[in-house]
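Quick notes on the structure that follows.
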Amino acid sequence: MPELPDVENYTRYFKRHALKKTVTGVHVGDKRALAKISAGELARRVVGSQFTATRRHGKHLLARLSKGGWLTMHFGMTGYLAAFKDGQAEPKYDRVRFDFRSDHLGYIDPRLFGRVGVVDDADAFVKKQRLGPDALDPRFTVKEFRAALGKKGGLKAVLMDQSKIAGIGNIYADEILFQTRLHPLTDVGRLTPAQIKAVFAAMRRVFQASIKAGAGAESFTEKLPKSYLLRQREKGGQCPRGHGALHVMTAAGRTTYYCPLCQPRK
DNA sequence: CTAGATGTTAAGGT
DNA sequence: CACCTTAACATCTA
């Protein structure tokens, strides 16, 4: 479930299990999980290093290497991290395993849409990936948000455009739209300043609440407030405001759940 | 057996 | 040029 809140929790998990530990080995289970780097080069840059700091930008996790540079991770659709000790079974689909003195951290990704790499400079990496401001960056203002949205396009597609704002994916876009009562295909050019402000506030509120609820963990949505659409985001799901069945449509090429009564198309 | 799934990106169309 | 849609990637599950 790797959108911003999930990756934020993975980052915290990474800190708990890998920060300040020396990497004694790296094992690549599947080369396809590597981003423009060979297994040998990855090992050369990571083995013998300690992870000295972490950083997250949108859906990307970065970890600073004491030997220089940053390890980068993107989790695609099905990636996550799993720590395990010597003697414990290695998780299935462990594509890149980092070994420490007596335990390991696995980068797990069944579908192989995610990537692990190493870059020299974190800021340059963000630029090269053409990522917009991180949705939860405290320095990111409503004014900048309005500018980032631009003048044209369907609201859901724009929210999910990582070059405009980094971190929002299909799932959380639906929640933000539901909470602001906006139809997914609303033209961003038609939003009022008040609506833009509301979307910005909802984005931050939804992300903070989801991180707190344990985003990334198994069925964490049950821990979200009952007013959240995410708890009902499945076939037969009901509008939390009592308007009956949610509708399903395709927007921005992705399956979209919404309540036609709360979110009418104007 | 088939369809669809939290992401990204290339390719083709309007 | 701006925007939209579709396909593709790899694998699992409903």
Practice task
Tell me what A:Arg233 touches on the nucleic acid: a base, only sugar-phosphate, or nothing, going by heavy atoms under 4.0 Å.
Solution key: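 Result for A:Arg233 = sugar-phosphate.
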Exercise for the section: Applying ring pair (Phe, Tyr, Trp, His ring centres under 6.0 Å), name anything that partners A:Phe113, two or more places apart in sequence or on another chain. Expected result: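 In terms of ring pair (Phe, Tyr, Trp, His ring centres under 6.0 Å), with neighbours along the sequence ignored, A:Phe113 is linked to no residue.
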Problem - Partners meeting ring pair (Phe, Tyr, Trp, His ring centres under 6.0 Å) with A:Phe200 (sequence neighbours left out) - result: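 Here the qualifying residues are A:Phe140, A:Phe145.
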Practice task
Would you indicate whether A:Arg130, at its atom CZ, is surrounded by more than 12 heavy atoms from other residues, nucleotides or ligands within a distance under 6.0 Å?
Solution key: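 Not buried by this count: 12 neighbours or fewer within 6.0 Å.
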Handout entry: Heavy atoms of other groups near A:Lys212 NZ, more than 12 under 6.0 Å
Key =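 Open: at most 12 neighbouring heavy atoms sit under 6.0 Å from NZ of A:Lys212.
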Exercise for the section: Looking only at non-hydrogen atoms, find the nearest pair between A:Thr256 and A:Thr250 and report the distance. Expected result: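 Reported closest heavy-atom pair: OG1-C, 4.4 Å.
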Problem - Sequence neighbours excluded, every pair satisfying side-chain hydrogen bond (donor to acceptor under 3.5 Å, both in side chains) that has a member inside residues 232-241 of chain A - result: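 Listed once each, the pairs are A:Asp174-A:Arg233.
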Practice task
Quote, to the nearest angstrom, the P distance that separates C:dT6 from B:dA3.
Solution key: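 These two P atoms come out 16 Å apart once rounded.
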Handout entry: Gap in Å between the two P atoms, one belonging to C:dC12 and one to B:dT8, rounded
Key =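 About 22 Å, rounded to a whole number of Å.
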Donor-acceptor pair, distance only, cut-off 3.5 Å: does the side chain of [X] make one with the backbone of [Y]?
| X | Y | value |
| --- | --- | --- |
| A:Lys67 | A:Arg44 | yes |
| A:Gln263 | A:Leu182 | yes |
| A:Arg56 | A:Gly58 | yes |

Handout entry: Residues clustering with A:Leu185 (ILVMFWY side chains joined when closer than 4.5 Å, directly or via others)
Key =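 Besides A:Leu185, the cluster holds A:Met249, A:Tyr258.
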Practice task
Before accepting this row, confirm whether a basic side-chain N of the pair A:Arg32/A:Asp109 lies closer than 4.0 Å to the acidic partner's carboxylate O.
Solution key: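 No, this pair does not count.
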Problem - Interatomic distance, A:Asp109 CG vs B:dG7 P [rounded to whole Å] - result: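 Result: 13 Å.
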Problem - Integer-rounded Å distance: B:dA5 C1' and A:Asp174 CG - result: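 From A:Asp174 CG to B:dA5 C1': 13 Å.
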Exercise for the section: Apply side chain to side chain donor-acceptor pair (under 3.5 Å) to A:Arg139 and list each qualifying residue two or more places apart in sequence or on a separate chain. Expected result: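 By the side chain to side chain donor-acceptor pair (under 3.5 Å) rule, A:Arg139 matches A:Asp137.
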Problem - Test side chain to side chain donor-acceptor pair (under 3.5 Å) applied to A:Asp99 - qualifying residues, sequence neighbours left out - result: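 Side chain to side chain donor-acceptor pair (under 3.5 Å) list for A:Asp99, sorted by chain: A:Arg97, A:His104.
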I'd like a list of close polar pairs between nucleotides 12-14 of chain B and the protein, N/O only, cut-off under 3.5 Å.
none

Practice task
Kindly express the pairing pattern of DNA chain B in dot-bracket notation, using | wherever a base pairs with another strand and counting only Watson-Crick or G-U pairs under 3.5 Å.
Solution key: .||||.||||||||
I'd like a table of atom pairs between the protein and nucleotides 3-6 of chain C - only N or O on both sides, under 3.5 Å - with the distance next to each one.
from, atom 1, to, atom 2, distance (Å)
C:dC4, OP1, A:Gly154, N, 3.3

Practice task
Treat primed atoms plus P, OP1 and OP2 as sugar-phosphate and everything else as base, then score nucleotides 8-14 of chain C 5' to 3': B for base contact with protein heavy atoms under 4.0 Å, S for sugar-phosphate contact only, - for none.
Solution key: -BBBS--
Which atom pairs, donor and acceptor, lie under 3.5 Å between side-chain atoms of residues 220-231 of chain A and protein residues at least two apart or in another chain?
from, atom 1, to, atom 2, distance (Å)
A:Arg231, NH1, A:Glu222, O, 2.9
A:Arg231, NH1, A:Leu224, O, 2.7

Problem - Min side-chain heavy-atom separation A:Met73-A:Tyr10 under 4.5 Å - result: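 No, their side chains stay 4.5 Å or more apart.
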Could you list the protein-to-nucleotides 8-11 of chain B atom pairs, N/O on both sides, closer than 3.5 Å?
from, atom 1, to, atom 2, distance (Å)
B:dT8, OP1, A:His74, NE2, 2.9
B:dT8, OP2, A:Lys59, NZ, 2.9

